[in-house]
S.K.: 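Please see the structure below; I have some questions.
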Amino acid sequence: MSSRYDEYAKYERPRRRTRPRTKDRPSYADADVGRVITVDRGRYTLLVDDAGGRRVVTAMKARALGRHGVVVGDEVRVVGDTSGRPDTLARIADVESRRTVLRRTADDDDPIERIIVANADQLVIVTALADPPPRPALIDRCLVAAYDAGLTPLLCLTKADLASATDLVAAYEPLGVETVVTRHDGAIDELRARLRDETSVMVGHSGVGKSTLVNRLVPDAERVTSDVNVVTGRGRHTSTSAIALALPDGGLIVDTPGIRSFGLAHVDPDHLIDAFGDLAAAAVDCPRGCTHAADEPECALDDDRLDPRRVESFRRMLASLSLPAY
Ligand SMILES: Nc1nc2c(ncn2[C@@H]2O[C@H](COP(=O)(O)OP(=O)(O)OP(=O)(O)O)[C@@H](O)[C@H]2O)c(=O)[nH]1
Ligand SMILES: [Mg+2]
Ligand SMILES: [Zn+2]
């Protein structure tokens with residue numbers, strides 16, 4: 001109803017310009033900056049670092065943020081009582097733009113995208129060598145997600161006391177994926193060194209030992225772990241939400257709940273090759289619309305000068321996009 005009332009309102013509404021312009025859209029440039037470490041039903045736990053040291057602050061979202069999501073790893077501007085003292089509640093006033101976003105679709109038919117973590121640098125794909133057995137299809141899908149999100153993948157093969165890592169290490173070498181092998185009775189210095197000063201997120205099946213690693217990396221982490229079910233050979237989905245923990249040598253490690261699959265509906269296959277610089281350079285000679293799949297008749301990736309193992313590995317990644325997520 002475009003009424004005379006609107007006209008009236010337009011002319012008669014007092015135009016107040018009494019406040020300085022900058023206050024119209026507040027800038028929180030000098031507010032405290034926090035890193036979101038847990039998200040639980042509208043309550044956010046933040047790590048706030050400043051001259052006074054590091055403190056843990058509980059906060060809620062300011063109403064002005066509306067439906068803007070806040071996820072683990074986000075860097076936020078926080079106002080109000082940011083002392084972190086018991087029973088205080090600060091407000092998240094703004095979310096900094098995200099450097100990276102690791103997404104997952106529950107499965108390829110599920111249109112809902114979930115952000116696992118923001119601002120991560122590294123995706124640690126945790127795979128047990130046994131108990132539960134490794135599933136290369138899941139590793140491939142996690143790699144695709146890492147390449148798509150611009151995260152450096154690191155394959156962490158756990159439970160080396162139960163089975164050999166040789167075959168899996170060899171399988172991922174052509175892709176240039178770095179690998180670390182761990183066992184509960186061995187040192188984890190190599191893993192520790194690779195995580196230093198980075199934000200790393202661990203993903204993998206339930207029961208592969210993610211929380212076990214976190215407990216060793218972060219002495220006071222106290223993450224609950226439980227044994228793999230002897231009957232089904234599966235983990236018990238012990239961890240139920242993502243949590244970021246500060247590493248003693250600097251950096252953050254994000255422990256996440258075990259996944260059954262890694263849905264990739266959000267990934268555009270055309271962009272996947274961009275993560276493989278050498279192959280992408282060769283693919284400029286492909287015919288228009290070439291998908292680079294093995295059955296493409298004139299794909300430039302069939303050039304003998306390319307490393308065939310690398311081409312094959314890339315095509316396996318590509319194929320994993322069209323396989324069911326499970
Ligand atoms: N033999 C052996 N067992 C391990 C090793 N690392 C972890 N485990 C065991 O594997 C089981 C599962 O470990 P968790 O750390 O709970 O696994 P998770 O990946 O966090 O599992 P979810 O939280 O369910 O996703 C526990 O019983 C651990 O003691 C290892 O190197 N060798
Ligand atoms: Mg766990
Ligand atoms: Zn091609």
Side-chain angles (χ1 to χ4, degrees), residues 38 72 104 116 124-135 138-139 142 155-165 168 180-188 190-191 200-218 221-245 253-262 269-274 276 278-303 305-306 308 310-312 314-315 317-319:
T38 68
V72 170
R104 154 169 113 87
I116 303 175
V124 185
I125 304 166
V126 186
T127 304
L129 290 158
D131 196 19
R135 271 207 315 174
L138 181 68
I139 302 175
C142 292
L155 181 58
C156 179
L157 301 172
T158 62
K159 310 199 188 186
D161 51 307
L162 302 180
S164 159
L168 271 182
V180 282
V181 180
T182 64
R183 49 192 293 167
H184 60 65
D185 53 355
I188 52 163
E190 196 190 339
L191 178 62
S200 306
V201 50
M202 290 188 173
V203 296
H205 279 141
S206 177
V208 294
K210 299 178 292 297
S211 301
T212 304
L213 286 173
V214 166
N215 283 338
R216 294 186 66 195
L217 292 163
V218 183
E222 296 178 354
R223 298 290 290 155
V224 178
T225 65
S226 40
D227 57 347
V228 172
N229 184 313
V230 277
V231 179
T232 64
R234 293 194 179 169
R236 299 178 194 270
H237 291 276
T238 311
S239 308
T240 53
S241 61
I243 179 172
L245 298 109
I253 182 77
V254 183
D255 189 11
T256 66
I259 53 170
R260 293 185 180 84
S261 66
F262 203 117
D270 286 350
H271 291 163
L272 184 58
I273 198 160
D274 295 339
F276 299 82
D278 51 339
L279 304 186
V284 297
D285 296 329
C286 286
R288 233 197 142 120
C290 182
T291 64
H292 318 307
D295 58 357
E296 284 282 354
E298 286 176 74
C299 181
L301 298 188
D302 292 324
D303 190 319
R305 285 165 299 178
L306 293 170
R310 213 167 138 72
V311 173
E312 195 197 311
F314 164 71
R315 285 185 168 152
M317 306 278 112
L318 196 64

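Whatever order the structure lists them in is the order used to number ligands and atoms, beginning at 1. Note that the structure is predicted; figures quoted are calculated from it, not measured.
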S.K.: Ile139 and Leu168: side chain to side chain contact (heavy atoms under 4.5 Å, CB included), yes or no, with the steps?
M.R.: CA-CA 10 Å; Ile139 302 175; Leu168 271 182; 4.3 Å; yes
S.K.: Looking at Ala283 and Ala300, what are the two nearest heavy atoms and their distance?
M.R.: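 The pair with the smallest heavy-atom distance is CA-CB, 4.4 Å.
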S.K.: Any idea how His292 and Phe314 line up, ring-wise: parallel (<30°), tilted (30 to 60°), or perpendicular (>60°)?
M.R.: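 Tilted, since the angle between the ring planes falls between 30° and 60°.
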S.K.: Which atom, among the N/O/S set of His292, is closest to the Zn ion (ligand 3)?
M.R.: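 Output for this pair reads ND1.
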S.K.: Just checking, any donor-acceptor pair under 3.5 angstrom between side chains of Thr212 and Thr225?
M.R.: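 Distance-only check fails for Thr212 and Thr225.
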S.K.: In this structure, are over 12 heavy atoms from other groups packed under 6.0 Å from Glu190 atom CD?
M.R.: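 Count over threshold, so yes.
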S.K.: So, Ser200 side chain and Ile253 main chain: donor-acceptor pair closer than 3.5 Å or not?
M.R.: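 No, because the side chain of Ser200 does not come within donor-acceptor range (under 3.5 Å) of the backbone of Ile253.
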S.K.: If you look at every heavy atom in Leu245 and Ala221, which pair is closest and at what distance?
M.R.: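 So the minimum-distance heavy-atom pair works out to CD2-CB, 3.7 Å.
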S.K.: Rounded to 10°, how big is the angle at the Zn ion (ligand 3) from Cys299 SG to Cys286 SG?
M.R.: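 Centred on the Zn ion (ligand 3), the SG/SG angle is 110° (to 10°).
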S.K.: Give a yes or no answer on whether the side chain of Arg236 reaches the backbone of Asp227 with a donor-acceptor pair at less than 3.5 Å.
M.R.: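 Between the backbone of Asp227 and the side chain of Arg236 there is a qualifying donor-acceptor contact (under 3.5 Å).
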S.K.: Can you work out which protein residues put a heavy atom within less than 4.0 Å of ligand 1?
M.R.: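 Contacting ligand 1 under 4.0 Å are Lys159, Asp161, Leu162, Arg183, His184, His205, Ser206, Gly207, Val208, Gly209, Lys210, Ser211, Thr212, Thr225, Ser226, Asp227, His237, Thr238, Ser239, Pro257, Gly258.
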S.K.: Is there a donor-acceptor pair closer than 3.5 Å between any side-chain N or O of Arg183 and the backbone N or O of Leu162?
M.R.: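 It does not hold such a pair.
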S.K.: What protein atoms of element N, O or S are positioned under 2.8 Å from the Mg ion (ligand 2)?
M.R.: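 The answer, once waters are left aside, is Ser211 OG, Ser239 OG.
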